[in-house]
Amino acid sequence: LLRKALSFVLDSTYQNMRNYSFGLKNPIAMIHTMGITLPIFGLVMFPLISVFMTSEINVSYLMAGYVVVLPLLLAWYIHRTISKRPGAFTHPDIEDNEPENMFILRFGGKHYIPLVPLCLFIAILIALPGIIHLGVLTNNYLTIFGNQEPEFAKQLWKQSLQDQYALDNLIPNMAMTFTIIFGISIPIVIYFRAKSLRKEKIRADVEKIESQFQLTLYELGNILESNIPIEKSIIILIQEYEKLDKKPTEMLIFFKKIRNNIFIDNMLIEGAFFDKKKGVVWQYPSLLIRDVSRTVVDSIRKGPLILATICKTISTFLTRLSKVEQLIKELLEDTLSGIRLQIVFIAPFITAVVASVSSLLVQMIQQLSLILERIETLFKLDTTVVGTGTKSLSDSLGLIRLEETVPPTLLQLFVGIYLIEITILLCLLENGIEHGFDKINRDMLIARSLMKAVILFTIVVFIITMMFMPIIEQIKAPS
């Protein structure tokens with residue numbers, strides 16, 4: 001009856017996850033296309049909108065939609081998709097004795113530093129050059145439009161933007177902007193990594209023990225089948241491992257601790273496992289180890305032969321459990337591989353292309369505007385009658401409005417923040433599909449992926465910018 005129940009549970013779990021994996025195709029396609037891919041390609045239009053359609057479309061509203069509204073909608077849809085995941089296999093829930101929101105500084109002892117204030121301090125320290133740059137830019141804007149007539153202020157601001165987009169100033173301004181992007185991403189990485197790094201190490205040790213549990217239980221069952229008491233069977237099991245010159249695995253260390261509790265500390269078998277001070281199971285924060293150990297200890301009174309059967313049954317169940325878990329991972333692999341590709345390459349690469357092309361595109365338009373002004377001067381087409389006044393031909397055409405464009409540093413900062421947001425959301429999606437609402441895997445995945453994405457984004461932006469700068473230099477308007 002027990003074997004039938006176990007088979008039913010495993011088969012039901014596999015079937016539920018199989019149905020869930022098939023049902024993921026449409027939600028994942030929706031998230032990829034409508035939530036990530038199309039919006040990223042839509043970013044390409046931002047520099048064009050900021051140059052040609054500023055009066056018709058408020059670029060600040062578009063930025064708010066990308067940075068606030070779209071991520072919130074995407075987060076809601078991802079949470080909804082993850083919530084439909086059926087219960088399957090989860091990692092051990094690890095309890096750490098150290099405070100969760102503290103950074104431990106091991107220098108001359110153990111010192112606890114609050115994690116959130118530390119991250120805020122690091123963020124301000126890294127982003128300080130970019131904050132100063134934006135402060136100067138804002139001050140210039142307010143000073144120009146606050147103290148000058150509107151038409152003259154636009155001309156002054158246009159000249160200021162031309163200086164911003166100048167080839168000589170582009171790289172230094174980009175570097176200052178990227179300090180803000182790193183000032184946001186690095187503290188996030190530090191926060192999530194410091195929060196779960198210790199727990200991840202403990203969990204890795206526990207999972208290593210659990211993976212060896214099934215084989216050790218089966219070997220213990222073979223020894224118990226000879227009608228040998230459990231205490232002596234543990235000694236024989238240890239001796240067999242040592243005779244085979246096997247490396248001291250975690251399970252071998254586990255049973256050696258039980259042996260020492262029994263024969264050195266004179267404990268009963270139950271105390272060797274569950275004593276509150278020296279019990280072995282409390283040294284391993286694993287629910288599986290505790291439950292299996294409790295089943296073994298409670299079955300000792302039934303005799304070695306029945307205990308042997310129970311150990312082998314549990315071993316068989318754990319073997320089937322690992323096989324079903326592996327099948328589930330194979331079912332989800334296609335979906336997860338696509339998400340991982342989005343995180344590590346597609347999202348940072350496309351956003352980097354957009355961030356670099358936006359500045360380069362406005363630079364090219366600026367050079368064309370300057371060339372048009374030279375032509376006006378050369379052919380004496382510098383004025384046209386408009387209403388009661390006169391304007392230059394390029395101004396009267398109304399096509400190129402550099403005085404109304406978004407500064408290049410703001411465009412790059414906006415794209416960088418958007419990359420940080422979608423990287424975190426994609427990490428939540430990957431972790432949710434693979435592990436459910438597991439916090440330790442979520443934290444470590446965000447910490448690893450976000451840093452890689454931002455570094456790739458930075459490298460691609462600077463490479464593309466430096467590649468196209470000589471081309472723009474060639475079409476520069478003659479003095």
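Taking the six-membered ring for Trp and thresholds of 30 and 60 degrees, F213 and F254 have ring planes more than 60 degrees apart, a perpendicular arrangement. Note: F274 and W282 have perpendicular aromatic rings, judged against thresholds of 30 and 60 degrees for the angle between ring planes.
Here the closest non-hydrogen pair linking G221 and A308 is O-CB, 3.3 Å. Residues I343 and C427 come closest through the heavy atom pair CD1-N, 3.9 Å. A pairwise comparison of heavy atoms in L305 and L224 identifies CD2-O, 4.1 Å as the closest pair. Here the closest non-hydrogen pair linking I228 and S233 is O-OG, 3.1 Å. A pairwise comparison of heavy atoms in V296 and L217 identifies CG2-CD2, 4.5 Å as the closest pair. Nearest approach of V344 to L456, heavy atoms of both residues: O-CD2, 3.3 Å.
Judged by distance alone, with hydrogens and angles left aside, the side-chain atoms of T179 form a donor-acceptor pair with the main-chain N or O of M176 at under 3.5 Å. Under the 3.5 Å distance criterion, the side-chain polar atoms of N261 are left unmatched by any main-chain donor or acceptor of F273. Between the D275 side chain and the K277 main chain, a donor and an acceptor come within less than 3.5 Å of each other. In this structure a side-chain-to-backbone donor-acceptor pair under 3.5 Å is present from S315 to Q214.
Remark: N26 CG is loosely packed, at most 12 non-hydrogen atoms of other residues, nucleotides or ligands lying under 6.0 Å away. The neighbour count for F462 CZ, taken as heavy atoms of other residues, nucleotides or ligands under 6.0 Å away, is above 12. Other residues, nucleotides and ligands contribute more than 12 heavy atoms inside 6.0 Å of the CG atom of L120. Atom CZ of F263 has more than 12 heavy atoms from other residues, nucleotides or ligands within 6.0 Å. The 12-atom threshold is exceeded at NZ of K312, counting heavy atoms of other residues, nucleotides or ligands nearer than 6.0 Å.
For the atom pair CD1 of I28 and OG1 of T81, the computed distance is 6.5 Å after rounding to the nearest 0.5 Å. How far CD1 of I306 is from CD1 of I300: 13.0 Å, rounded to the nearest 0.5 Å. Annotation: the span from T309 atom OG1 to I314 atom CD1 amounts to 11.0 Å, rounded to 0.5 Å. Here the CD1-CD1 distance, from I253 to I209, works out to 8.0 Å after rounding to the nearest 0.5 Å. For the atom pair I223 CD1 and I234 CD1, the distance stands at 9.5 Å (nearest 0.5 Å).
Within the structure, every pair that satisfies the side chain to side chain donor-acceptor pair (under 3.5 Å) test and touches residues 442-465, not counting sequence neighbours, is listed here: S196-D443, E200-R448. For residues 335-359, every residue pair satisfying the ring pair (Phe, Tyr, Trp, His ring centres under 6.0 Å) rule, not counting sequence neighbours, is listed here: F345-F349. Residues in residues 338-353 take part in these side chain to side chain donor-acceptor pair (under 3.5 Å) pairs, two or more places apart or across chains: E333-R340, R340-E430, R340-E434.
With sequence neighbours left out, K257 forms a salt bridge (charged side-chain N to carboxylate O under 4.0 Å, His left out) with no residue at all. By the side chain to side chain contact (heavy atoms under 4.5 Å, CB included) test, I463 is found to be paired with I459, M467, residues two or more places apart in sequence or in another chain being considered. Not a single side chain to side chain donor-acceptor pair (under 3.5 Å) links N260 to another residue, sequence neighbours left out.
L428 has its side chain out of reach of L445: every pair of non-hydrogen atoms, C-beta onward, lies at least 4.5 Å apart.
With salt bridges taken as basic N to acidic carboxylate O contacts below 4.0 Å, none links E231 and R259.
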Under the criterion side chain to side chain contact (heavy atoms under 4.5 Å, CB included), I'd like the reasoning laid out for E240 against I236: C-alpha separation, chi angles, the key distance, then a yes or no.
CA-CA 6 Å; E240 287 185 356; I236 295 173; 3.9 Å; yes

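Screening I417, I420, I126, I180 against S185 for a side chain to side chain contact (heavy atoms under 4.5 Å, CB included) leaves a single residue, I420.
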